[in-house]
2 protein chains.
Amino acid sequence: MSEPRACSVARTLDVVGERWSLLVLREVFLGVRRFDLIHKHTGAPRAVLTERLRRLVDAGVLRRGEYREEGRRPRHEYELTEAGRELRPVLTALMQWGDRYLAGPEGPPLQLRHTDCGAPVRTALICEDGHQLPDSGEGLRAVPRHLASREAGDGSAPRGAE
Amino acid sequence: MSEPRACSVARTLDVVGERWSLLVLREVFLGVRRFDLIHKHTGAPRAVLTERLRRLVDAGVLRRGEYREEGRRPRHEYELTEAGRELRPVLTALMQWGDRYLAGPEGPPLQLRHTDCGAPVRTALICEDGHQLPDSGEGLRAVPRHLASREAGDGSAPRGAE
DNA sequence: CAGTATCCCAAGCGATACTG
DNA sequence: CAGTATCGCTTGGGATACTG
């Protein structure tokens with residue numbers, strides 16, 4: 001019955017493939033770590049937010065921390081695990097596309113800068129030999145695993161771009 | 001009442017923020033352009049697939065083509081527009097994360113290669129001065145637009161990573 | 001092929017209210 | 001604060017069947 005393609009994209013989407021999950025991560029990347037603030041900044045319904053946070057914690061993307069300041073009630077916060085931090089390119093790629101195709105006349109609401117040099121940062125496709133590819137993915141080719149050991153130039157493999 | 005944050009991530013998710021939208025795009029990037037095959041490879045319900053294709057066309061990400069081979073019934077196909085092709089980094093970033101954190105023991109189902117040199121391709125964060133940042137986004141800082149003209153080093157701006 | 005139509009159930013949304 | 005609970009409504013999901 002030709003079940004759906006086995007694919008890392010689909011598996012990743014099982015974890016972060018819903019609107020609120022990604023927006024929650026955006027907030028955490030921006031330094032917002034607490035329930036109420038995430039709720040306010042994303043607009044996610046509280047019940048759904050609870051659900052999503054639980055899922056992200058279960059998936060190992062977020063960790064639930066608890067801390068108490070002197071004499072205060074204990075508080076919770078959500079922080080990124082290493083796996084969570086590695087989702088950064090997903091967020092920057094989404095943001096970059098929105099900046100380019102959906103920004104209003106005032107331009108992008110947020111800019112990413114390299115702390116060291118202050119220059120704008122963007123997502124790029126690079127190959128291990130150091131070549132940079134265009135964002136459109138021209139020159140990119142997808143090879144099924146069982147053929148992956150072959151060298152370049154096999155015209156019968158599915159191509160990544162026309 | 002503190003409406004949700006204005007953000008390009010959210011705007012992009014209005015277009016491609018649902019599971020099936022991204023999986024449709026994965027297929028088109030892999031060269032699958034027809035309704036039934038996309039249906040089979042993604043597993044999306046036909047009605048939902050119709051809906052998503054319409055939305056992607058409306059958003060200018062896909063274009064609906066029609067062509068007829070000699071003496072055959074006309075066929076439809078979906079192809080990427082320029083805006084659609086520019087979503088490639090989003091897909092590669094999702095795939096890359098899944099390859100790393102969710103691949104089974106057999107490894108990633110699909111590998112991306114540079115056509116010219118055969119080397120594996122990946123998503124990276126780079127700054128305009130040519131520095132490459134770690135995927136975790138360390139050294140990355142998000143600056144609100146109204147402050148974006150300032151130079152680096154303003155500690156009061158929200159930081160991109162702890 | 002490329003969709004529409006239908007059915008039924010699960011999940012999401014938005015608002016609001018309550019609890020430790 | 002950080003959630004749970006509840007409610008009414010809309011949308012999505014999966015299956016299956018039909019049409020030009």
Side-chain angles (χ1 to χ4, degrees), chain A residues 1-5 10-11 13-25 27-28 31-59 62-80, chain B residues 1-5 10-11 13-28 31-59 62-79:
Chain A
M1 266 49 155
S2 111
E3 52 297 332
R5 192 191 292 275
R11 290 199 271 249
L13 292 176
D14 288 338
V15 178
V16 296
E18 287 152 309
R19 179 181 180 79
W20 301 125
S21 303
L22 269 329
L23 292 183
V24 164
L25 288 173
E27 289 304 313
V28 182
V32 177
R33 299 145 178 276
R34 300 229 292 273
F35 189 94
D36 265 30
L37 281 177
I38 296 175
H39 168 61
K40 285 206 187 77
H41 288 164
T42 60
R46 303 179 76 87
V48 176
L49 181 55
T50 299
E51 213 307 277
R52 294 297 183 277
L53 286 168
R54 194 194 331 273
R55 178 187 301 223
L56 291 171
V57 169
D58 289 350
L62 295 181
R63 180 190 307 129
R64 193 204 306 273
E66 187 154 351
Y67 67 95
R68 39 201 99 212
E69 297 165 1
E70 287 295 307
R72 293 226 179 195
R73 309 216 328 314
R75 295 190 165 187
H76 294 160
E77 60 171 8
Y78 293 90
E79 46 183 26
L80 293 161
Chain B
M1 273 23 165
S2 113
E3 42 317 317
R5 192 191 292 275
R11 289 198 272 249
L13 291 177
D14 288 338
V15 177
V16 296
E18 287 152 308
R19 179 181 180 79
W20 302 124
S21 303
L22 269 329
L23 292 183
V24 165
L25 287 173
R26 175 197 68 189
E27 289 305 313
V28 182
V32 178
R33 298 146 180 276
R34 299 228 292 273
F35 189 93
D36 265 30
L37 281 176
I38 295 174
H39 169 59
K40 286 207 187 76
H41 289 166
T42 59
R46 303 179 76 85
V48 176
L49 181 54
T50 299
E51 214 304 281
R52 293 297 184 278
L53 286 168
R54 196 195 330 273
R55 179 189 300 223
L56 291 171
V57 169
D58 288 350
L62 295 180
R63 179 189 307 128
R64 193 205 308 272
E66 188 155 351
Y67 67 94
R68 40 201 99 211
E69 297 164 0
E70 286 296 308
R72 294 225 179 195
R73 297 188 17 291
R75 296 189 164 188
H76 295 160
E77 61 172 6
Y78 293 90
E79 46 182 27

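Naming: A, B, ... by sequence-line order, numbering from 1 per chain.
- The two atoms that bring V15(B) and A59(B) nearest to each other are CG1-CB, 3.6 Å, heavy atoms only.
- What separates CZ of R55(B) from P of dT11(D) is a distance of 11 Å, to the nearest Å.
- A close approach under 4.0 Å does occur between a side-chain nitrogen or oxygen of Y78(A) and OP1 or OP2 of dG3(D).
- Summarising the geometry, the separation between CG on D14(B) and P on dC13(C) is reported as 12 Å, rounded to the nearest angstrom.
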side-chain hydrogen bond (donor to acceptor under 3.5 Å, both in side chains) between Y78(B) and R64(B), intermediate numbers included: CA-CA 5 Å; Y78(B) 293 90; R64(B) 193 205 308 272; 2.7 Å; yes

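- Closest to the R34(B) side chain, of the nucleotides dA2(D), dG3(C), dC1(C), is dC1(C).
- Note that the CG atom of L53(B) and the NE2 atom of H76(B) stand 12.0 Å from one another [nearest 0.5 Å].
- The NE2 atom of H76(B) sits 9 Å away from the C1' atom of dG3(C) (whole-angstrom rounding).
- Using a 4.0 Å cut-off on heavy atoms, the residues of residues 44-51 of chain B that approach DNA chain C are R46(B), T50(B), listed by number.
- From R46(B), atom CZ reaches atom CD of E51(B) across 15.5 Å, with rounding to the nearest 0.5 Å.
- The side chain of R64(A) contributes an N or O atom lying less than 4.0 Å from OP1 or OP2 of dG3(D).
- Nearest-nucleotide mapping onto DNA chain D: of L37(A) and E18(B), the residue sitting toward the 5' end is L37(A).
- In this structure, CZ of F35(B) is placed 17 Å from P of dT19(D), rounded to the nearest angstrom.
- Note that CD1 of I38(A) is 13.0 Å distant from CH2 of W20(A), once rounded to the nearest 0.5 Å.
- R33(B) places its CZ atom 20 Å from the C1' atom of dG3(C), with the value rounded to the nearest Å.
- A straight line from CG of D36(A) to C1' of dG3(D) spans 9 Å, rounded to a whole angstrom.
- Here the CZ atom belonging to R5(B) is positioned 5.0 Å from the NE2 atom belonging to H41(A), to the nearest 0.5 angstrom.
- Taking a pair as Watson-Crick or G-U wobble with both distances under 3.5 Å, DNA chain D forms stems of 3 or more consecutive pairs at C:1-20 with D:1-20.
- Here R19(A) lies out of heavy-atom contact (under 4.0 Å) with every strand.
- Separation of atoms CG (L49(B)) and CG (L56(B)) is listed at 9.5 Å; rounding is to 0.5 Å.
- Listed for the R55(B) side chain is a donor-acceptor partner under 3.5 Å among the backbone atoms of D14(B).
- Atom-to-atom, CD of E27(B) to C1' of dA2(C) comes out at 17 Å; the value is rounded to the nearest Å.
- Among the nucleotides dC1(D), dA2(C), dC13(C), the one closest to any side-chain atom of W20(A) is dC13(C).
- In this structure, the separation between CG on L13(B) and CG on L22(B) is 8.5 Å, given to the nearest 0.5 Å.
- Atom CG of L53(B) and atom C1' of dA2(C) are 10 Å apart (whole Å).
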